[in-house]
Amino acid sequence: MTSVFSFRAQYFNNNGDQGNLEALEHFSKQRFDKASIEGADFVLFGDASRAAMREFESELETFVPGLEQRLSKGLATLLVGSCYEFFAPRVNGMPNLDYGQRVSEFREVGAFGMRVRGYRNSEVLEQDLFIEGLFIGTTLFGPVLAKNIELTKRIAAGLGLELSLTNQQLQWIERL
């Protein structure tokens with residue numbers, strides 16, 4: 001059984017980021033157990049409002065050592081939107097982000113041999129996607145796994161999950 005940790009899903013789900021767990025469950029036809037960050041096979045920190053980021057900042061800080069360990073091992077982790085921006089300067093090994101004017105747009109980014117599509121609303125310049133093993137950080141928020149099957153396949157394979165997708169599902173995903 002695959003175990004997952006998602007930080008405060010009710011607050012860190014600004015744009016449907018918890019849909020990443022649902023997509024992984026749906027495409028693999030698995031049900032996931034909840035676990036602590038230390039015991040989880042897959043970890044998700046979704047996008048949150050500025051108010052939620054401020055309210056939970058001290059709690060988020062406590063996860064830095066665990067995320068550093070996950071990054072060093074390339075473990076399945078997804079940091080989305082504001083959490084990617086929050087952890088990048090704090091977690092050793094993540095990129096130094098450059099900032100400029102806020103841009104809100106649909107974007108397709110290429111990095112680490114992948115093309116990933118999604119929507120961003122960020123001041124981060126050009127570092128929209130970070131991948132190290134199965135550790136992923138992105139400014140592209142929402143259910144990025146539902147929209148990017150190659151990224152989903154990468155995570156699923158690393159977790160030992162087989163995806164079960166029909167041709168109709170694949171065509172639907174391509175239209176997103």
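Excluded from the calculations below are hydrogen atoms, water molecules and symmetry mates; all remaining heavy atoms, backbone and side chain alike, are included.
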Are [X] and [Y] close enough that some pair of their side-chain heavy atoms sits under 4.5 Å apart?
| X | Y | value |
| --- | --- | --- |
| Tyr84 | Gln127 | yes |
| Val103 | Leu125 | no |
| Val124 | Tyr99 | yes |
| Val4 | Glu25 | no |

To the nearest 0.5 angstrom, please state how far the [atom1] atom of [X] sits from the [atom2] atom of [Y].
| X | Y | atom1 | atom2 | answer |
| --- | --- | --- | --- | --- |
| Thr152 | Asn148 | OG1 | CG | 7.0 Å |
| Asn13 | Gln18 | CG | CD | 4.5 Å |
| Gln69 | Leu67 | CD | CG | 10.0 Å |
| Ser104 | Glu123 | OG | CD | 9.5 Å |
| Leu129 | Glu108 | CG | CD | 11.5 Å |
| Met53 | Asn14 | CE | CG | 10.0 Å |

Mind checking side chain to side chain contact (heavy atoms under 4.5 Å, CB included) for [X] and listing every partner two or more places apart, or none if nothing turns up?
| X | answer |
| --- | --- |
| Glu38 | Ser36 |
| Glu162 | none |
| Ala52 | Tyr11, Ala48, Ser49, Phe56 |
| Arg54 | Arg50, Ala51 |

Please report the shortest heavy-atom distance between [X] and [Y], naming the atom on each side.
| X | Y | answer |
| --- | --- | --- |
| Cys83 | Leu60 | SG-CD2, 4.5 Å |
| Val80 | Gly142 | CG1-N, 4.2 Å |
| Gly46 | Ser82 | O-OG, 4.4 Å |
| Ile37 | Phe63 | CD1-CD2, 3.7 Å |
| Pro143 | Gly19 | CB-C, 4.0 Å |

Problem - Pairs touching residues 65-86 that satisfy salt bridge (charged side-chain N to carboxylate O under 4.0 Å, His left out), sequence neighbours left out - result: none
Practice task
Give every residue pair that meets the salt bridge (charged side-chain N to carboxylate O under 4.0 Å, His left out) criterion with at least one member in residues 12-22, sequence neighbours excluded.
Solution key: none
side-chain hydrogen bond (donor to acceptor under 3.5 Å, both in side chains) partners of [X], counting only residues at least two apart:
| X | result |
| --- | --- |
| Ser58 | none |
| Glu105 | Arg107 |
| Glu132 | none |
| Glu126 | none |

Practice task
Could you tell me whether Phe86 and Phe45 have their ring centroids closer than 6.0 angstrom?
Solution key: no
Under a single-linkage definition using a 4.5 Å side-chain heavy-atom cutoff for Ile, Leu, Val, Met, Phe, Trp and Tyr, are [X] and [Y] assigned to the same hydrophobic cluster?
| X | Y | answer |
| --- | --- | --- |
| Leu44 | Leu75 | no |
| Met1 | Leu161 | no |
| Ile149 | Leu134 | no |

Problem - Polar contact flag, side-chain donor to acceptor under 3.5 angstrom, Asp33-Ser3 - result: no
Problem - Audit row: Leu24, Leu159, side chain to side chain contact (heavy atoms under 4.5 Å, CB included) steps and yes/no - result: CA-CA 11 Å; Leu24 200 53; Leu159 294 173; 4.0 Å; yes
Handout entry: Identified side chain to side chain donor-acceptor pair (under 3.5 Å) partner of Thr139 from the options Asn121, Asp47, Asp128
Key = Asp128
Practice task
Could you please spell out the steps behind the side chain to side chain contact (heavy atoms under 4.5 Å, CB included) verdict for Val43 and Phe7?
Solution key: CA-CA 8 Å; Val43 168; Phe7 180 72; over 6 Å; no
Exercise for the section: For Phe32, enumerate each residue passing the ring-ring contact (aromatic ring centres under 6.0 Å, His included) test, keeping only those at least two apart in sequence or located in another chain. Expected result: none
Practice task
Would you mind listing every ring pair (Phe, Tyr, Trp, His ring centres under 6.0 Å) that reaches into residues 127-146, with sequence neighbours excluded?
Solution key: Tyr119-Phe141
